[in-house]
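First comes the structure, then the notes that go with it.
Just so you know, these numbers come straight off a predicted model, no measurement behind them. Note on naming: letters A, B, ... go to the chains in the order of the sequence lines (proteins, then strands), and numbering restarts at 1 for each one.
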Amino acid sequence: MAKKLVIVESPAKAKTISKYLGSDFEVLASVGHIRDLAEPKELPADKKKGPLGKFSIDVDNDFEPFYTISAGKSKTVSELKSALKGAEELYLATDEDREGEAIAWHLLEVLKPKVPVHRMVFNEITKDAIQEAVSNTRSINDNLVEAQETRRVVDRLVGYEISPVLWRKINRGLSAGRVQSPAMRMIVERERERMAFTEASYSSITAQLQEDSVEFEAKLSSIAGEKLAGSKSFDESGNLVQKVRVLAPAEAEALAASLVGASLEVMSVEAKPTTRKPYAPFTTSTLQQEASRKLGMSAKQAMDTAQQLYQEGYITYMRTDSPNLSQQAISASISAAKELFGADSVHDSPRLYGAKSKNAQEAHEAIRPSGESFKHPSELASLLHGRSLALYELIWRRTVASQMADAKLSTTTAKFSITHQGEELEFSASGTTVLFKGFLAAYDETSDTKEPEAKLPKLDVGQKLTAKEVLPKNHSTQPPARYTEASLVKALEEQGIGRPSTYAAIISTIISKGYVVKRGNALVPEWISFTVTRFLEQNFGNLVDYEFTAKMENDLDRIALGELDRSGWLKNFYFGDEGLQAVVNSLGESDPRAINTFELAEGIALRTGKFGPYLEVMENDERRIVNIPEALTPDELTLKRLRS
DNA sequence: CAGTGAGCGAGCTTCCGCTTGACTT
C-alpha cells in the first residue's frame, strides 16, 4: 500500500516517475490547473451583484480573487482527495515555474492535507534526478505564487475591462487581451507596411560561363566603377538609398545582347573560410518553426504530433522554453553522432545552450528523444509513420547535431573584367564548398532549400572565359512578407509574449474571433482588426505596446523575489492616475462613425459597420455606398480600386 | 379600438495559462 502521494501535472509524467519511485509512492496527475478565476456569469447570485460581479476579483479588497474548480476538473480533484486519505505524506511535484508553483498552492488550498507536505522539484526526468528531488524538498514559495496570481489578475482585468469597451464602441463580441491584441497588431502593422510599400524596378545581367566542364553564372556587378542596383538599393517607398546605377530593362537587354561571345578575364579569386555552429536543441517555438518550414505542419499539427510522441514515450516534454539538455541526453547525442558519423564529427567538449527568450522559465529540458540512448528513427519505422515519424526524425537530428562539430565551409568569390564599348564592366561569381561537414551530416539546413549551393571551378587570375550566353532579367523589390504561423510565433517569443503552451492557441484565437484569416501559409488581417488595432493604439497604447508584457514580467519577477508587493502593484495598475480604470472612464463619447472609418485614400473610406465592411466613395459631392464581400482582404481591395 | 412607438430592463459577448481526452470533420 502506497504511503506517500506525489502529484505532478501530466499523467504521462506520472507514469514515468512512478517507475523511479517504487511502491511506497503513488503518483497522480493534476492534469494542469485545477482552479481558476470564476466566470463572472457563473458566480453565486449574491456575489454577482457585489464587487466581484465584473471580474470575479474584489478590486476594492486587495484584488482578492474568487476561485472555482475548473470545468471538468471535479473528478480529478475528488480522485486526488481520496488518494490523499490513505497517504501519510504529500509531495507536490508540479513544474518548477510560476504556473507550477501556483498549481501546487491551489492543490494545497483545495485538498487541505493534514499530513506533512513537501514541495518537490526537478527539471529532468531521470532516476537520479527524481530520487534526488524526493529527498531534497522545500516548501511552497509564496512570493512566486503571488506573482502568478498577479499575472492571472492582470489578464482578467485587461481582457474583461477592455473587451466591453470594444462592444460599446465598435461591435459586439469583440475581444482584447494582453497577448492576443499585440499579436493582432503585429499582423496589422505588417499589412500596413505592405499597403504603403512602393515597388522599384531594376534589371540585372547574368553571364553563363564554363570551365573544366563546370557551368556557373557570373553577375554583372558594376559599370565604369559604379555599382549596379540590387534589391537592397531601395527603401520601402521605392527610393534609392545607395549611390548605384539602375539599369532600365531596354538598356539591360541591349547590353546583354552585345556581350554574347565576349571574353571575360579573371581579375581575382578569393577564398574565405567560414564555420557554422549547430543549432540549439528544440524548444516549443523552434520546433513549431522547423516543423512548418521543413514538414509543412501548422503550429497545432506540430503540437498534436509532438504530444502523441510524448505520451507514447518517444520524446521528452513538448512545451518548454529551455534548449538545455540533461547530462544523459548530451552523452546519448554524442554516442549517436560518433556511431553514425564518426568520432571526429563530435564537438570536443559538450555544448551547452541557454534560453534566448527573456522570459524563459526553463522548468523543462529541451525537446529531444527520450531515454538514456536515443532510438534511431529507422528503428521506429514500423511503429511510427507519416507525420509522427517525420517529426521524431527532425527532433532526433536536431538533438544529435547540437553536440556535433562546427561545419567548415569555404566561400570563393571570383571577379571578372571586360572593357566593353569603352567602359569597364565587372562581373562576379561565388561558390561555396563544404570542407568539413560536421553537424551538417545530421541536420542539413540547406538540403531543403530549392537551389543547391553554387560551385565554382578552379580559376586562375588572367585566365579568359567566353560568355556563351548573357541574359538580362528584370526585378522588382518586394514588400515585407506577411507573417506565417511560424514567423509569428518566433516574433511573439522574441518579445516574450505568450508561453509555449499558448503559442498555437494564440493563432487559433485571433482566427476564430474573425480578426485574421489564413490564406495558404500567410496570416492576413481582416478589416475589423484594422479598426480594433487603431482604436487600441489610440486609447490603450500601453496594452498593444510590444514592451507591455516584458515590463510586466520584470515586475512579476520582483514580486517573486519579494521586492515588490502584489496588491500595491495591482492598485497602481488599475486605480492609478494613468491606471486602467482611469483610462476607460476618460474615453468619453467618441464618434462611432470615426472609429469605424478607415481612410483608404482621398475620398474613399472603409467602414466596418455592424453589417460588415463597405466603402463610402465621395464622387462629385455625392456619397456612394459600395458593398464589398467580407472575404475580400486589404490588398485585394487596393488592387481592385486601381482596376476600377 | 387597434396599431404604433417610446422607454426600460435583462441577457449576451470577453482574458491567459496549465493539462488531456472527448468530441466532430
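- Remark: A:Pro164 pairs with A:Trp167, A:Arg168 by the side-chain contact (heavy atoms from CB on, under 4.5 Å) rule, at least two apart or across chains.
- Rounded to whole angstrom, the span from the CG atom of A:Asp97 across to the P atom of B:dT19 amounts to 8 Å.
- OP1 or OP2 of B:dG17 sits under 4.0 Å from a side-chain N or O of A:Thr502.
- When the nucleotides B:dC15, B:dT20, B:dT14 are ranked by their closest atom to the side chain of A:Lys41, B:dT14 comes out on top.
- The nearest pair of heavy atoms linking A:Val27 to A:Ser18 is CG2-CA, 3.7 Å.
- Taking atom CD of A:Glu99 as the reference point, atom C1' of B:dC16 lies 8 Å away to the nearest angstrom.
- Using bins of under 30°, 30° to 60° and over 60° for the plane-to-plane angle, the ring pair A:Tyr317/A:His364 lands in the tilted bin.
- The OH atom of A:Tyr67 sits 17 Å away from the P atom of B:dC16 (whole-angstrom rounding).
- Here A:Ser175 reaches the OP1 or OP2 of B:dC15: one of its side-chain N or O atoms lies under 4.0 Å away.
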Short heteroatom pairs, N/O only, protein and nucleotides 7-10 of chain B, under 3.5 Å:
none

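- Between A:Phe573 and A:Trp569, the ring planes lie parallel to each other; the angle is under 30°, not in the 30° to 60° tilted range.
- Not one side-chain nitrogen or oxygen of A:Ser501 sits closer than 4.0 Å to the OP1 or OP2 atom of B:dG17.
- Between the side chain of A:Arg156 and the base of B:dC16, no donor-acceptor pair under 3.5 Å is found.
- Remark: ring of A:Tyr160 not stacked against base of B:dC15; the cut-offs of centroid gap under 5.5 Å and plane tilt under 30° are not jointly satisfied.
- Taking 4.0 angstrom as the limit, A:Gln311 places none of its side-chain polar atoms (N or O) nearer than this to OP1 or OP2 of B:dT19.
- A:Trp105 and A:Tyr67 have perpendicular rings, their planes meeting at more than 60° on a 0 to 90° scale where under 30° would count as parallel.
- Side-chain to base pairing of A:Arg319 with B:dC18: no donor and acceptor N or O lie closer than 3.5 Å to each other.
- When the side-chain nitrogen and oxygen atoms of A:Arg178 are compared with OP1 and OP2 of B:dG17, one or more of them lie within a distance under 4.0 Å.
- When ring centroids are compared, A:Trp396 and A:Tyr392 stay outside the 6.0 Å threshold.
- Of the candidates A:Glu553, A:Gln148, A:Glu149, A:Arg98 forms a side chain to side chain donor-acceptor pair (under 3.5 Å) with just one, namely A:Glu553.
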Just do the side chain to side chain contact (heavy atoms under 4.5 Å, CB included) check on A:Lys13 and A:Tyr310 with the steps written out, would you?
CA-CA 9 Å; A:Lys13 208 186 215 178; A:Tyr310 166 67; 3.7 Å; yes
Given Watson-Crick or G-U pairs with both distances under 3.5 Å, what dot-bracket string fits DNA chain B, with | for other-strand pairs and [ ] for crossing?
.........................
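- Between B:dC18 and A:Thr94, no contact under 4.0 Å exists linking OP1 or OP2 to a side-chain N or O.
- Between B:dC18 and A:Arg499, a contact under 4.0 Å exists linking OP1 or OP2 to a side-chain N or O.
- Among B:dC15, B:dG17, B:dC12, the nucleotide with an atom closest to any side-chain atom of A:Val179 is B:dG17.
- One interatomic measurement links the two molecules: CD1 of A:Ile506 to P of B:dC15, which rounds to 12 Å at whole-angstrom precision.
- Across the protein-nucleic acid pair, A:Leu43 atom CG and B:dT14 atom P stand 17 Å apart, rounded to whole Å.
- Taking the six-membered ring where the residue is Trp, A:Phe575 and A:Phe63 present tilted rings, their angle falling between 30° and 60°.
- A donor-acceptor contact under 3.5 Å is not formed by the side chain of A:Gln148 with the base of B:dC18.
- Rounded to the nearest 0.5 Å, atoms CG (A:Leu389) and OH (A:Tyr314) are 10.0 Å apart.
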